[in-house]
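See structure below.
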Amino acid sequence: GAGVSQTPSNKVTEKGKYVELRCDPISGHTALYWYRQSLGQGPEFLIYFQGTGAADDSGLPNDRFFAVRPEGSVSTLKIQRTERGDSAVYLCASSLTSQETQYFGPGTRLLVL
Amino acid sequence: AQSVTQLDSQVPVFEEAPVELRCNYSSSVSVYLFWYVQYPNQGLQLLLKYLSGSTLVKGINGFEAEFNKSQTSFHLRKPSVHISDTAEYFCAVSRFSGGYNKLIFGAGTRLAVHP
């Protein structure tokens, strides 16, 4: 079946602009995670959704970052007033339940000029 | 808090040779351990995981790992590598707390298999 998909695959923006990154989880998966992977590093946790609610957003670096999952399926990560330091690959993962294996999407590579 | 250290940033090896990718973790509580592989321009794929039980875990593509609680290690091994195993490998730890698993990753080890 279809895996986790993320769009766009690449996004180039200018400093100060607003961006939205989309994640389509595997159908039926209730848990959804966002991670950020900077160059040469492992992924770092950003936020976890169980259904429609953000159960843990402790990894969001500051209030410029926000994520939603209004219908408990697709999620959007929103970044306001982007900075060059936001450049990274943003990974989305989903799991059938919160206790199950996480399946990752291919990521969105964000470049802030 | 948990943390993960992958001791080698790069491991070059010849095809059909054995390989070991090292991973150490720190945690004051029981944890789950994972190895993921990332091929170029692809997402992370789970190789294997340790939750409980037998300390020797077998995964996909001929990989296996051994959980060593006294040494807080979870090294990944393969007896004979192929060119197609060239990729980035990530060790991760999690603790089921608050009703979910938050993965904490190491910095990764780049495995380069040469002919």
Side-chain angles (χ1 to χ4, degrees), chain A residues 2-10 21-26 29-51 53-60 69 88-110, chain B residues 1-10 21-26 30-52 57 59-60 74 76 87-112:
Chain A
V4 178
S5 62
Q6 292 185 245
T7 54
S9 54
N10 292 280
L21 312 179
R22 177 187 168 107
C23 172
D24 282 84
I26 294 171
H29 281 198
T30 63
L32 186 145
Y33 306 78
W34 283 98
Y35 294 82
R36 178 167 72 172
Q37 186 176 14
S38 299
L39 194 62
Q41 300 297 318
E44 294 180 302
F45 170 82
L46 294 177
I47 187 169
Y48 155 67
F49 286 90
Q50 179 56 47
D56 182 351
D57 63 358
S58 62
L60 294 178
R69 195 185 184 200
V89 176
Y90 290 82
L91 297 167
C92 176
S94 71
S95 59
L96 185 60
T97 71
S98 60
Q99 303 175 48
E100 300 289 330
T101 298
Q102 294 178 35
Y103 294 90
F104 283 79
T108 293
R109 188 175 300 274
L110 176 66
Chain B
Q2 296 86 40
S3 66
V4 177
T5 302
Q6 291 185 244
L7 298 161
D8 306 293
S9 59
Q10 295 187 64
L21 306 184
R22 297 181 293 167
C23 173
N24 285 86
Y25 69 93
S26 66
S30 296
V31 294
Y32 303 144
L33 293 157
F34 306 80
W35 275 98
Y36 280 84
V37 60
Q38 187 175 36
Y39 299 102
N41 299 317
Q42 294 187 29
L44 281 78
Q45 179 182 5
L46 181 68
L47 274 178
L48 48 79
K49 60 185 177 183
Y50 172 79
L51 303 181
S52 65
V57 181
I60 63 172
F74 190 55
L76 181 70
E88 188 91 19
Y89 292 79
F90 292 95
C91 181
V93 63
S94 78
R95 180 169 68 95
F96 188 70
S97 172
Y100 76 102
N101 282 311
K102 179 195 297 186
L103 292 172
I104 298 168
F105 288 88
T109 296
R110 182 168 298 277
L111 176 65

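Numbers restart at 1 for each chain; the letters A, B, ... are given by sequence-line order, proteins then strands.
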Return the CZ to CD distance between B:Phe34 and A:Gln102, rounded to the nearest 0.5 Å. 7.5 Å
Selection from A:Gly42, A:Pro43, A:Ser9, A:Ala93 maximising heavy-atom pairs under 4.5 Å formed with chain B: A:Pro43
For the residue pair A:Gln41 and B:Phe90, what are the closest heavy atoms and their distance? O-CE2, 3.9 Å
Side chain, backbone, both or neither: which part of B:Gln45 has an atom under 4.5 Å from a heavy atom of chain A? neither
Would you say B:Ile60 has more than 12 foreign heavy atoms packed within less than 6.0 Å of its CD1? yes
Distance col, row A:Phe104:CZ vs B:Tyr36:OH, nearest 0.5 angstrom, shows 5.0 Å
Does a sphere of radius 6.0 Å around OH in A:Tyr103 hold more than 12 heavy atoms from other residues, nucleotides or ligands, not counting ones at 6.0 Å or beyond? no
Checking heavy atoms, do the side chain of B:Leu46, its backbone, both or neither come under 4.5 Å from chain A? side chain
Heavy-atom cut-off 4.5 Å, strictly under: side chain, backbone, both or neither for A:Ser5 against chain B? neither
Using 0.5 Å steps for rounding, measure from the CD1 atom of A:Ile47 to the NZ atom of B:Lys102. 11.0 Å
Step by step, would you call A:Tyr35 with B:Leu103 a side-chain contact (heavy atoms from CB on, under 4.5 Å)? CA-CA 9 Å; A:Tyr35 294 82; B:Leu103 292 172; 3.4 Å; yes
